[in-house]
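Okay, so here's the structure we're looking at.
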2 protein chains.
Amino acid sequence: MPEFFHDNKLYYTPIEFALNHIGGTWKMPILWRLQKTILRYGELKKDIPHITHKMLTSQLKELEEKGLITRTVYPVVPPKVEYSITPKGLQAIPVIEHIMKYGYELIKEAGIDYPPKK
Amino acid sequence: MPEFFHDNKLYYTPIEFALNHIGGTWKMPILWRLQKTILRYGELKKDIPHITHKMLTSQLKELEEKGLITRTVYPVVPPKVEYSITPKGLQAIPVIEHIMKYGYELIKEAGIDYPPKK
DNA sequence: CAGGATCCTTGACGATACTG
DNA sequence: CAGTATCGTCAAGGATCCTG
């Protein structure tokens with residue numbers, strides 16, 4: 001696995017390159033919500049528990065820069081901004097599905113009560 | 001996606017839980033090498049370009065703690081330590097395969113020369 | 001040969017306040 | 001409503017040195 005440069009950043013493996021697109025705590029949850037619906041900033045914020053304003057903004061920006069989502073601004077007051085997934089974003093959905101499924105397996109095997117019955 | 005606690009750590013999604021097991025720059029490359037062979041510390045070190053001593057040690061320890069690999073020490077001098085994958089580790093291989101494939105797709109679409117012909 | 005310990009830099013992330 | 005800007009904290013990770 002030789003390394004390579006892209007966008008002024010060094011990557012060691014294809015895995016690292018992939019995780020740079022969809023890795024981290026929030027990118028997959030965001031893409032997951034957008035896979036079938038267009039959502040406004042505030043809707044995403046409400047839908048994703050515990051994500052902070054700063055993280056949501058920065059992650060949305062990164063996803064847009066990488067071409068996985070599209071940002072549409074409506075010139076009205078108060079502002080209205082919609083986020084939608086692109087074909088390139090849709091390409092990540094099957095991968096996310098696998099990772100999520102793997103996560104559920106691990107949770108089950110760990111004997112964790114999930115989702116927790118209150 | 002409700003959150004849950006495990007091992008004194010808070011997780012927000014199954015995705016995050018999964019990435020805690022195989023995420024980061026090095027865990028998947030390590031598991032990938034071990035999927036069909038038992039390797040010594042020094043062999044892994046040589047096989048994985050650019051990984052530092054500290055990272056390899058810490059990642060191996062984490063993978064062992066999570067039960068994805070086994071560490072076998074031979075009481076000889078100089079020391080000989082072998083690492084092998086467990087059934088739980090093998091469970092991650094298909095997921096890694098998907099992420100890697102996704103990474104290759106992204107690299108190709110980005111027009112990156114990979115692997116680079118020198 | 002394998003790996004622990006230490007020091008240091010960097011950047012990820014949260015909290016808060018401000019703006020069109 | 002959506003987004004910047006700023007500040008502070010903390011942990012990931014690199015470099016180096018030491019040990020059985």
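Here is how names work: the chains are called A, B, and so on, in the same order as the sequence lines, proteins then strands, and each is numbered from 1. Just so it is clear, the structure is predicted and the values come from calculations on it, not from any experiment.
What separates CD of A:Glu62 from P of C:dC13 is a distance of 9 Å, to the nearest Å. Atoms CD (B:Glu82) and P (C:dA2) sit 10 Å apart, rounded to a whole Å. Rounded to a whole Å, the CD atom of B:Glu64 is 15 Å from the P atom of C:dA2. Protein atom NZ of A:Lys46 is 14 Å distant from nucleotide atom C1' of D:dA2, rounded to whole Å. Atom C1' of nucleotide D:dA15 and atom CG of B:Leu56 are separated by 16 Å, given to the nearest angstrom.
Applying the 4.0 Å criterion to OP1 and OP2 of C:dC1, one finds that B:Arg40 has every side-chain N and O outside that range. When the side-chain nitrogen and oxygen atoms of A:Lys61 are compared with OP1 and OP2 of D:dT4, one or more of them lie within a distance under 4.0 Å. An OP1 or OP2 oxygen of C:dG3 is reached within less than 4.0 angstrom by a side-chain nitrogen or oxygen of B:Arg71.
A heavy-atom distance below 4.5 Å is found between the side chains of B:Leu44 and B:Leu34. Using a 4.5 Å cut-off on side-chain heavy atoms (C-beta onward), B:Thr70 and B:Glu64 make no contact. Contact annotation: the side chain of B:Tyr12 never approaches that of A:Pro29 to less than 4.5 Å [non-hydrogen atoms, C-beta and beyond]. Looking at heavy atoms from C-beta onward, B:Trp26 lies out of side-chain contact with B:Leu56 at the 4.5 angstrom threshold.
Out of D:dA2, C:dG3, D:dG13, the shortest distance to the side chain of B:Tyr83 is found at C:dG3.
With hydrogens and angles disregarded, no donor-acceptor distance shorter than 3.5 Å links the side chain of A:Arg40 to the backbone of A:Lys80. A donor-acceptor pair under 3.5 Å is formed between the side chain of B:Ser58 and the backbone N or O of B:Met55.
By the 6.0 Å contact criterion, NZ on B:Lys9 is enclosed, its count of non-hydrogen atoms from other residues, nucleotides or ligands being greater than 12.
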Working for ring pair (Phe, Tyr, Trp, His ring centres under 6.0 Å), residues B:Phe17 and B:Phe4 = CA-CA 10 Å; B:Phe17 193 62; B:Phe4 59 94; 5.5 Å; yes

inquiry  = I'd like to compare against my own output: the B/S/- annotation of nucleotides 14-20 of chain C with a strict under-4.0 Å heavy-atom distance to protein.
reply    = BB----B

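Across the helix from C:dC1-D:dG20 to C:dG20-D:dC1, the helix axis at one end is tilted relative to the axis at the other end by 40° (nearest 10 degrees, each axis from five pairs).
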For residues 82-98 of chain B, please give each side-chain donor-acceptor pair under 3.5 Å, one per line with the distance, not counting sequence neighbours.
| unit_1 | atom_1 | unit_2 | atom_2 | d |
| --- | --- | --- | --- | --- |
| B:Glu82 | OE1 | B:Tyr74 | OH | 3.0 |
| B:Tyr83 | OH | B:Arg71 | NE | 3.3 |
| B:Thr86 | OG1 | B:Gly67 | O | 2.6 |
| B:Thr86 | OG1 | B:Leu68 | O | 3.0 |
| B:Thr86 | OG1 | B:Lys88 | N | 3.4 |
| B:Thr86 | OG1 | B:Gly89 | N | 3.1 |
| B:Lys88 | NZ | B:Lys66 | O | 3.1 |
| B:Gln91 | NE2 | A:Glu105 | OE1 | 2.8 |
| B:Gln91 | NE2 | A:Glu109 | OE2 | 2.8 |
| B:His98 | NE2 | A:His98 | NE2 | 3.1 |

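Across all strands shown, A:Tyr74 has no heavy atoms under 4.0 Å from either base or sugar-phosphate atoms.
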